[in-house]
2 protein chains.
Amino acid sequence: MTAIIENYWITILKSLAHPTRLQIVIELLNGTKCVTDIHEILPSSQANISQHLTVLRNARIVDFAQDGAQRCYYVCRPELIEGLLNLLRNEQPEIVQKKAQCCLRNREDGAE
Amino acid sequence: MTAIIENYWITILKSLAHPTRLQIVIELLNGTKCVTDIHEILPSSQANISQHLTVLRNARIVDFAQDGAQRCYYVCRPELIEGLLNLLRNEQPEIVQKKAQCCLRNREDGAE
DNA sequence: AAATCATATTCGAATATTCTTATATCAAAT
DNA sequence: ATTTGATATAAGAATATTCGAATATGATTT
């Protein structure tokens, strides 16, 4: 099983790796919101919120339903996003390996 | 339950949101490796690998055990990283909301 | 102590991201 | 048709990230 990295994994991770965008996503998990709603909750400008929503939409993390002049944004892959957030919330203790022998480079007794 | 974003969530997400770094982490999940090992697997320069390892280490995603002149790197929060990767691997279908009414802005009948 | 192997750091250029300002689009109401 | 409310886009400055080249550090061997 070779380690395959899909390009869109990077896209998803990049999209979430910004405070405002992560906050937007968290807010949307609590319920569909239009741009003005989000603008009222977060301290960013309307244009900036809109730009971030475009990034999230390109990453297929959010989508919207048009309602008149409004666009009601929602998280279109809630399981993925909630799963990621849950993992981040469950801060686990770090493993410490005191001694590790990772490879046999430069060892006389290196078998094979 | 307010939506709290921890700074280190962003740090973790940012660290993983780079092809080389994500690849490094995936390789390390398969077993501890020193810098030269990683250098032999990935197409980046030694200096660059080292730089990326520093980023991952600052995010507390990897750590190393010194073994002579070598540094054997390993993923120090494997549950977190494997969890994230598993979520990314399980591509889930996107939800489509045809009609959404996200807020009662500008509606006569808007109750409360 | 000099040479060598393994790894890290510094510097700087190239590139990408972010945010602000201004403007454009588009639907609904007047 | 004009205005208004809601949202998007364009342009550009400010900032951050990335990576190569050169060099430094530190452990091991000779």
Side-chain angles (χ1 to χ4, degrees), chain A residues 7 10-24 28 32-59 62-74 99-110, chain B residues 7 10-24 28 32-59 62-74 99-110:
Chain A
N7 279 333
I10 301 297
T11 305
I12 291 172
L13 291 168
K14 260 195 204 167
S15 306
L16 296 174
H18 185 285
T20 304
R21 286 197 294 268
L22 190 56
Q23 191 77 59
I24 288 174
L28 291 184
T32 299
K33 286 177 186 57
C34 69
V35 180
T36 306
D37 289 334
I38 302 171
H39 178 44
E40 281 170 2
I41 297 173
L42 303 187
S44 306
S45 69
Q46 178 269 317
N48 194 227
I49 299 276
S50 191
Q51 288 164 338
H52 284 308
L53 282 170
T54 299
V55 173
L56 290 169
R57 204 154 70 81
N58 287 336
V62 307
D63 203 349
F64 64 82
Q66 192 95 29
D67 177 25
Q70 296 182 178
R71 291 185 166 186
C72 302
Y73 280 88
Y74 59 93
K99 285 191 183 177
Q101 187 178 323
C102 57
C103 58
L104 303 176
R105 192 180 312 284
N106 286 332
R107 277 174 218 280
E108 312 280 313
D109 57 318
Chain B
N7 279 333
I10 301 297
T11 306
I12 291 171
L13 291 168
K14 261 195 204 166
S15 306
L16 296 174
H18 185 285
T20 304
R21 286 198 293 268
L22 190 56
Q23 191 77 58
I24 289 174
L28 291 183
T32 299
K33 287 178 186 58
C34 69
V35 180
T36 306
D37 290 335
I38 302 170
H39 178 44
E40 282 168 3
I41 297 173
L42 303 186
S44 306
S45 69
Q46 179 270 317
N48 193 227
I49 299 276
S50 192
Q51 288 165 338
H52 284 309
L53 283 169
T54 300
V55 173
L56 290 170
R57 205 154 69 81
N58 287 337
V62 308
D63 204 350
F64 64 82
Q66 193 95 28
D67 177 25
Q70 295 180 178
R71 291 187 166 185
C72 302
Y73 279 87
Y74 59 92
K99 286 190 181 176
Q101 187 180 321
C102 57
C103 56
L104 304 177
R105 192 180 313 288
N106 286 333
R107 275 174 218 280
E108 312 280 308
D109 55 319

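Per chain, numbering begins at 1; letters A, B, ... match sequence-line order.
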Between [atom2] of [N] and [atom1] of [X], the distance in whole Å:
| X | N | atom1 | atom2 | value |
| --- | --- | --- | --- | --- |
| B:Ile24 | C:dT7 | CD1 | P | 13 Å |
| B:Ile49 | D:dG20 | CD1 | C1' | 14 Å |
| B:Phe64 | D:dA27 | CZ | P | 11 Å |
| A:Asp67 | C:dA28 | CG | C1' | 12 Å |
| A:Lys33 | D:dA6 | NZ | P | 17 Å |
| B:Gln70 | D:dT28 | CD | C1' | 11 Å |
| B:Asn58 | C:dT9 | CG | C1' | 13 Å |
| A:Asp37 | D:dA6 | CG | P | 10 Å |

Side-chain donor or acceptor of A:Ser15 paired with backbone N/O of A:Thr11 under 3.5 Å:
yes

Are the side chain of B:Asp37 and the backbone N or O of B:Cys34 linked by a donor-acceptor pair below 3.5 Å?
yes

Working note: A:Lys33 + A:Leu28, criterion side-chain contact (heavy atoms from CB on, under 4.5 Å); need CA distance, chi angles, decisive distance, verdict.
CA-CA 6 Å; A:Lys33 286 177 186 57; A:Leu28 291 184; 3.8 Å; yes

A:Gln23 vs A:Pro19 side-chain heavy atoms within contact, under 4.5 Å
no

A:Val35 has a side chain; which of D:dG20, C:dA27, D:dT7 sits nearest to it?
D:dT7

Across all chains, not counting sequence neighbours, the side chain to side chain contact (heavy atoms under 4.5 Å, CB included) partners of B:Asn48 are B:Ser44, B:Ser45, B:Gln51, B:His52

Tabulated below should be each protein N or O lying under 3.5 Å from an N or O of nucleotides 15-18 of chain C; please produce it.
unit_1 : atom_1 : unit_2  : atom_2 : d
C:dT17 : OP1    : A:Lys14 : NZ     : 3.4
C:dT18 : OP2    : A:Arg21 : NH1    : 3.4

Considering just the side-chain nitrogens and oxygens of [X], establish if one lies under 4.0 Å of OP1 or OP2 belonging to [N].
| X | N | value |
| --- | --- | --- |
| B:Tyr73 | C:dA8 | yes |
| A:Thr36 | D:dT7 | yes |
| B:Ser50 | C:dT7 | no |
| A:Arg71 | D:dA6 | no |

How close do [X] and [Y] get, counting heavy atoms only, and between which atoms?
| X | Y | answer |
| --- | --- | --- |
| B:Tyr73 | B:Val35 | CE1-CG2, 3.7 Å |
| A:His18 | B:Ile10 | C-CD1, 3.7 Å |
| B:Ile38 | B:Ile24 | CG2-CG1, 3.9 Å |
| A:Leu22 | B:Leu13 | CD2-CD1, 4.2 Å |
| B:Ile12 | B:Ala59 | CG1-O, 4.1 Å |

Is there, by distance only and without an angle test, a donor paired with an acceptor across the side chain of B:Gln46 and the base of C:dA8 below 3.5 Å?
yes

Within the modelled atom types, does a donor on one side and an acceptor on the other bring the side chain of B:Gln51 and the base of C:dT10 under 3.5 Å apart?
yes

Using five pairs at either end of the helix from C:dA1-D:dT30 to C:dT30-D:dA1, determine the angle between the two local helix axes and round it to 10 degrees.
10°

Which is true for B:Gln66 with a 4.0 Å heavy-atom rule: it touches a base, it touches only sugar-phosphate, or it touches nothing?
nothing

